[in-house]
Each structure stands twice: as C-alpha cells, then as structure tokens.
Protein chains: 2
Amino acid sequence: VTDASKHAPTEPIFVDPFGSSHGSLRTPKGMGDLLPPDAEELRTLTRIVINRFEQCGYDLIVTPLFEHADVVERGTDALDPRELLRFVEPESGEVAVLRPDITPQIARAVATRLSTHPAPWRLCYEGRVIRRRRGRARSHQQITQAGIECVGFPGPEADVEVLELVASACEDTQLPAFRIELSQVSIAQSLLDTLPAALHAPISERLARKDAAAIAQLAREANLPADTTRYLCALVEHYGDADVLDSAERELTWPSARDAIANLRELVARLDHDSTRARLGFDLSDARGSSYYTGMSFNVLAAGPGEPIASGGRYDQLFQRYGVARPATGFAFDLENLQWALRACGKGRVEPRAFRVAVGLGSAAEQRRVAESLRQRQLVVATLPSHGDLQSCLAFAKSWGYDAVLALESGRARLVRTRDASERQIAGTAGAAHSADAANIAALQSWAQEATKD
Amino acid sequence: VTDASKHAPTEPIFVDPFGSSHGSLRTPKGMGDLLPPDAEELRTLTRIVINRFEQCGYDLIVTPLFEHADVVERGTDALDPRELLRFVEPESGEVAVLRPDITPQIARAVATRLSTHPAPWRLCYEGRVIRRRRGRARSHQQITQAGIECVGFPGPEADVEVLELVASACEDTQLPAFRIELSQVSIAQSLLDTLPAALHAPISERLARKDAAAIAQLAREANLPADTTRYLCALVEHYGDADVLDSAERELTWPSARDAIANLRELVARLDHDSTRARLGFDLSDARGSSYYTGMSFNVLAAGPGEPIASGGRYDQLFQRYGVARPATGFAFDLENLQWALRACGKGRVEPRAFRVAVGLGSAAEQRRVAESLRQRQLVVATLPSHGDLQSCLAFAKSWGYDAVLALESGRARLVRTRDASERQIAGTAGAAHSADAANIAALQSWAQEATKD
C-alpha cells in the first residue's frame, strides 16, 4: 500500500504560494494559503472524521494557538527542540511556543480544569500545529490535525477502541486502501534501556533504517553482550504481516518482549471487525525515538504522501508530568496527508458534489431572486455583475468551478454547461425558479456534471 | 436590542481556565481552552454560517496563522499597533506577526496567487485571530471569526448582497433579535479631513461617545468654521431608525454627505427582504477611527456581549496597498460574541440535540456491539469501563452531558435517565440493538431529554 510509485505524482496541499514575482508579498516559507477548492475539500474531510469521533463519545475541545513553553515542552519529547517556534510573550516576558502538538495541551486541560470530571475523558480536536523544518530547507510547516485522546480507560479495551476508531474514520472518508502498522515501543525500548546512553541515538536510528549490519558493527565496537546483539539484529526482521508475531514469540524471548507481544496478540484477538484485522501490519523494531508512547503504537499508511496519514498509541507516562497519573491512548490524523492519499487514488473530491450554478445577465435583483430560490434547493449559486456577457460568465464559471451558467435574458432562461457551452432551455426567469422541482434539478445536475467522454 | 441589562449575565466563552491552584500549568492570559460542550456549540455555529456563505458562492480559503509583519500591517489600520503580537521569525530573521485580522491576508492572496481569476472574488474563511488587549489587563485575546469578502464587484449590488447575507446567516443561527446598524464612514471622514491633523483623534473619539458638548468646545478652542462645528454637532444626533435619513438629508448638506446619504437610501431601497429592512438602524457619526472602510459600514448588535456580533463594510482602497485596485466589501462574525448573544436569549444549544447515551456494565465487547448498532442510528454513544456500577455510570453521564445510561446486565438492558435515575426496560442486550427502530428511538430520546417540570 505504501508504494507511492504506482500512482501519478500528486502535490502536497499547503504549497508555498508565491514565486519571486510576488517578492514583497511573500509569506514565510512553509506558511502558505490553502486555496479553493482545496480548502473546502480539507474542511469536508475534517467534518467526516470529527463526526465519527463525536459519535463515539469524543467531545470537542479547542486549545490555544500558543502557550508557555515549559508547559507544552513537558510533552513534546518526540520532537527535536529545534522544531519548536518560540518567542518571548510580550505581556509576561516569558517564553511562549506556537503549539507543535495538541496532545500535551489536552493533558494540561485534563490535569487542571477537567480534573474533577469522572473517567474516562474522551476528547477530540481539530486544528493546525506549527513546526520548524530542520535541515537546509529552513522552512516552517503547518500541519492540520484531527485527533482523539482516550484518558483514564485502562487495559487493552481502550486500545481496541482506538484501533477500531481510526479504521472506521478512514473508511468514512472512502479511502479504499490503507494499512495500520502496529508496534509496541516497549520491545525496542527495553533493549535500548540496557545500552550505554551514548548508543541510544545511533542504535535507534539504525533500527529505524532496519540496518542489521550496522547494528551488529556498533554492537561489536561497544562490546555488547551476545544476547543483546542477537536480539537487536532480530528486531529489524520482525516487520510484515500477522506471522511476524509467531516468529517474534520464538525469537524475542526476554520478559519485556514477551509481555509486549502478548499485549499485541490480545489486541488483535479483541478487535471487533475482521476488516480491521485485515488492515494490520507489524513493525516490532519501532522505538519511536524518545516519544511519549509506552505501549502499543501505530502508523496508518496509504499510497501517496510518503508519511503516515495518522499515528498514535498508548502513552501512560505523559500525565504524570502534569501532576496526575492517568493511562491514556489516542491518535491524530495528518489531514493534508489524508487528503493527499485520497487524491492519489482518485478520490480527491468527496461525493456527491454540490451543484454549482453561476447566474448571469438579467438585472441584479432578478439574479438574486432566482439565486435565492435555487439555494433553497441546496444548490451553490453565485450571482454575476449584470453588465457582463455570456463569454465572461463562462470564463468566471470555469475558473471558479461552477458546473453551469444560468443566463437570464428578457424573460427567458437557459442553462449553459461550463465545460462545452452546450445549452438547455429553461422556462422563463420566473419559471426558472418555480419549475425547480427536485427531479428536474437532479436531471440538470447530472447533465451539467456529466464527464467528457473519452 | 443592545440593552444587555434585560438578560441574566452570561459569561464570555474563552475564559482563562486556571485559578492560582494550577500555578505552573497556567496558560498565557487570555489564551484559554474552549471546553466541552462549548467547543462543539461554537463548531455548530461555525458550520451554520459557513454553509450559508458557501451556498451563496463564497469559496473557503485558509490563510496562515502568522505572516511577515509588513504584509499584514498594510491592512490593519483599524488596530492599534500595540495590539499586534510580533516576533522575530527564526528562519529569516524578519519580523512576523500572529494574524490579528484575516481580511489583509485575503487581500494578499487575491493580489497574488488568485490575481488571474476573473472577478468577482467571493471568499469566505473561519479561524482564530490573536490580538493583545491594551490597558491594565495586559492580556491576549483570541477571537474566532467567520467572514466573507466580495471583491471586484462594484456598485451597490455587492453591498446589498453582503447585508442580505449577514441577515440570513444570523437568521440561520435562530438568533431571534438583532439589529444591523448601518453607517457611511465618508460622512464623518469628509468632515475630519477638513480639520487640522491634531484634531482627528480627539474629535473621532467624541463622535464615538456622541458628546456634542465636548465637540463644540473643541471646535471653539480651535476656531473651526461655524458650518463645520454645526455639522459635527449635528452628526451625533443622527442615530436611530430609518427617519434618521430624512433628517440627515435636510441637515447634513455638504456634497460628500449628500452622496453618502443617497448611497444609504439606495442600499435600503434595493434590499430584497422587508425583514432585512426592518432590522436596520443608522449611526451616521461612525468614523471607524482610521479603519480601511471607505463607504457603507455596519455593526450587527444583539443583547448580551456588549460588542458587535458581526461587523463589516465597503473598503475600496485596501487592495491598492497590495498592488491592485479592486472594489471590495465584506464582513466577519465574532463567533464568541454570536454564541454569547444566543445564550443570552436562551438559544445556546442548537436544536435538535443529539441523543447521547452512555453504555455501561456488561462486557467490553458486548458494550461495543450495542454502541455500534446505536451509532448507526445517529446516536452519540460512549462505552464505559465494564468494572463500574450503575452509580459510577450515572456520575459519568451527568458530568459529560449524556442523557441516559444504557445498562447491560446478564441478557437484560435498561435505559436509566441521567436526570432522575428513572428507568425504562429495554429488550435483551441483543434486542437493545435490534429493537432500535427509528420510532422507538425517537420516543426514548424524547423521554430521556424531557425537561424537569417546574
């Protein structure tokens, strides 16, 4: 599923909007606009996943765009500190940070104002986070997330809920193919914990690259015990489908690994839907760097973006940093990556599309009267300056994605299809509104949105 | 309509979330969370107004959360420079500003990447802007806006469209009473332009306070011409209902005022709906400080917030600062103020409410099976840890706003109303799902949501 090469290349959504010709009006690198119709498409996706979250009892919370750095940074260990955009907050003189992640903000809210609510806390959110891209690009990155946190619900049942929820939310968007790649960070983490601190980063990095030869060499140079070396090298082989767990049970036999594999087996067994089980893959070498995850974790992968469309997992230690001990599990969609994946499989536009009609010619008052009547039938209708001619109306319709122009002329009305300027006569202008019964409109919509024959 | 004292006091929506007991976890002043159920309520309001905007041909655009200060500041003359939150952008070393207003960003986008699209540009947006509050509070302010810009559509027709749109969007939210207070900034502005620069601010301020005596005294001290003094003092009297225009025609007789009054008369005459006309009020002394408005402008007022729930107007000069000349008109809702106004008249919750049921007791798998089946009927369903008892389920339901608990017990199921713990027996647990036909669910919902008798 993750082989992007099978699909035509698509573009990331938030592109930098300006060439050098817009010199003085350039936006900061990476901080572009999301233009029509992409913005509406992303909003529709957001609505779909948030609706699913809410139906499952996740209540929406909105957190501030920046906070005191020391509060947010308690929960951003998965990010490089250089990825955070800090500034001095003018009112207090304290260091603030534009939120790079929403989960720590929710932990703060649950630990303070929501602390007296009974468990479980089920919260969902949507919004943008800001990170700095490292490396030569020296650019920002705005990521639009929609996610959930399930807090205070111990045991595997909450993890099962989260896995079923991410699968059903993906299905709601009509994404045909995706894979939930399941890990258990305590497997790799329990090995890393036995290593000298200086080896953590280099070994983690080579685990992520699945480079057993490099791991073996590092282990030799550091004189690691033979068992540790063998286990580390075995880890990178445990990647693939469900049979990974069978082989892991034979080969990854230290106690933490046994517990973690048993936990994954239990999760898989308890899933409600075979369809979710069929989406699972496994990657037992995932250490997630120094992230806050403590148990099962996962990435949802689909062709196109080359990055996960969602990721999440269990994080039972994060809340302690906010003064309360709570088990927690959750995930977040990267909505631009999800949008990219949908486009990569030709599902960029969510169906059914609205019927978009531009009303032209005639008087302004007449246009508005017809427009209002059509809007009551759920059409999207734009009126146009009455001094224009049909050509300018069609040019407008083409640029702005209207299916047809409704031209009002001396008591007559005709619907002109944007794509090929072919026409349908409609009743008089008064009639254009009155004859707008549902069946008639559906027929006109299907004619106006008819695709060109190949 | 603006007399807030008639209503019980209500609270602003984004309150600072923390008392001193949360010392180290405090958010920056003014940067609070929006908690359940307020967040969902605001999202519903946002959806309602954006849907109306889109139906009228306004396409959604998403702009970045911060930009280079010199780009945004070209269009923020209505704000005190001290209201902007600036920081040094680490990648470029340039000064950036957290957006205090979205209109200048849209002007930038229309002037650059969208410049080759044919007119009119109809764009809508939703999002938060950040301002600093001046004065002793030394706090931030996050304002959630939803607005539209209609660009490149000259003449009064676009203003009529905008006025009808703000009225219909307010009506869509079921706000029963609101007033559209119409001004024409060129009336006051044309007088201010004849004054020495040093008098602009003090006279504007007294116009805003409608203090004719103080204006007369300033005029005397500055030896202003008698006509100017008379006109300035007359301005503050022109405030009220439609008859204001009759008296203005007699008394405000300099050329700019005549044109401006004629423009207002024309707008009123061209409105499509008597209901919109009936909402109008007038305030001809409005100079809007040094804002970018150039023609008609308006505030929408309703009881509760003590600030406009929406404001807008024509701004024909703004685009020149972005290198293109375009007529433009638009408005934005302050969604927290709109929410406040709805609460002030008892319409805080948008009807119909979802039916929220917490499923408790029974096994986790059984709970999830019942929950999934009810969700297919559009219920909001949360499952609960299976080790709980009915009391803990009811405590959860009460805190989180669930109407009832569906208790699963050894093959039986009963629905327990959160408000008073009264019960309805349901078929067995399998039956609880299967017998969930629409009529049955509607009856249970109406029982569960039944208000307490007085």
Side-chain angles (χ1 to χ4, degrees), chain A residues 17-18 22 25 27-29 31-37 39-40 43 54-55 57 59-68 71 85 87 89-92 96 108-109 111-114 117-118 122 128 130 132 138-140 142 153 157 272 322 364 368 375 380-382 385 392 395-396 399-400, chain B residues 17-18 22 25 27-29 31-37 39-40 43 54-55 57 59-68 71 85 87 89-92 96 108-109 111-114 117-118 122 128 130 132 138-140 142 153 157 272 322 364 368 375 380-382 385 392 395-396 399-400:
Chain A
F18 303 122
H22 300 120
L25 293 180
T27 49
K29 268 193 186 170
M31 299 297 292
D33 299 307
L34 192 55
L35 297 179
E40 170 56 20
R43 176 172 168 264
E54 292 193 328
Q55 260 218 308
D59 285 316
L60 191 70
I61 182 171
V62 176
T63 60
L65 299 174
F66 66 86
E67 297 213 28
H68 294 314
V71 174
L85 204 163
F87 61 93
E89 207 238 318
E91 313 311 335
S92 66
R108 172 192 51 67
T112 54
R113 252 186 109 196
L114 292 172
H117 276 54
R122 281 196 184 88
R128 271 183 284 179
I130 303 282
R132 298 168 62 194
R138 294 178 67 78
S139 126
H140 302 283
Q142 37 187 353
F153 201 148
E157 296 304 345
D272 298 319
Y322 294 92
R368 285 202 304 272
R375 286 172 191 146
V380 170
V381 186
S392 66
F396 172 89
S399 279
W400 292 103
Chain B
F18 303 123
H22 302 120
L25 293 179
T27 50
K29 269 194 186 170
M31 301 297 292
D33 299 308
L34 191 55
L35 298 179
E40 171 54 20
R43 176 172 168 263
E54 292 194 327
Q55 259 218 310
D59 285 317
L60 191 70
I61 182 171
V62 177
T63 59
L65 298 174
F66 65 87
E67 298 214 26
H68 295 315
V71 174
L85 205 163
F87 61 93
E89 207 237 320
E91 313 312 334
S92 65
R108 172 192 51 67
T112 54
R113 252 184 108 197
L114 293 172
H117 276 55
R122 281 196 184 87
R128 269 183 285 179
I130 302 282
R132 297 167 62 194
R138 294 177 67 80
S139 124
H140 303 283
Q142 39 187 352
F153 201 147
E157 296 304 344
D272 298 318
Y322 294 93
R368 284 202 304 272
R375 286 171 191 146
V380 170
V381 186
S392 66
F396 172 88
S399 279
W400 292 101

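Chain naming here is simple, since letters A, B, ... match the order of the sequence lines and numbering starts at 1 in each.
For chain A, the option among B:P385, B:A364, B:P37 with the highest count of heavy-atom pairs below 4.5 Å is B:P385. Comparing A:G57, A:P118, A:A39 by heavy-atom pairs within less than 4.5 Å of chain B, the highest count is held by A:P118. Comparing B:A395, B:S92, B:P90 by heavy-atom pairs within less than 4.5 Å of chain A, the highest count is held by B:P90. Chain A forms the most heavy-atom pairs under 4.5 Å with one residue out of B:V71, B:L65, B:I130, B:L114, and that residue is B:L65. Interface check for chain A: of the options B:H68, B:E40, B:E157, B:E89, the most heavy-atom pairs under 4.5 Å are formed by B:H68. Here B:P64 is the residue among B:P64, B:A382, B:S392 with the most heavy-atom pairs under 4.5 Å with chain A.
Interatomic distance, CD of B:E67 versus CE of A:M31, reported as 8.0 Å (0.5 Å rounding). One distance of note links CZ of B:R113 with CG of A:L25; it measures 14.0 Å at 0.5 Å rounding. The CG atom of B:L35 sits 5.0 Å away from the CD1 atom of A:I61 when rounded to the nearest 0.5 Å. With rounding to the nearest 0.5 Å, the separation of OG1 in B:T27 from CZ in A:R108 is 5.5 Å. In this structure, CZ in A:R368 is found 4.0 Å from CG in B:D272, a value given to the nearest 0.5 Å. To the nearest 0.5 Å, the span separating CZ on B:F66 from CZ on A:F66 amounts to 13.0 Å.
A:F153 touches chain B through its side chain: at least one heavy atom from C-beta onward sits under 4.5 Å away, while N, CA, C and O do not. Using a 4.5 Å cut-off between heavy atoms, A:R375 contacts chain B through both its backbone and its side chain.
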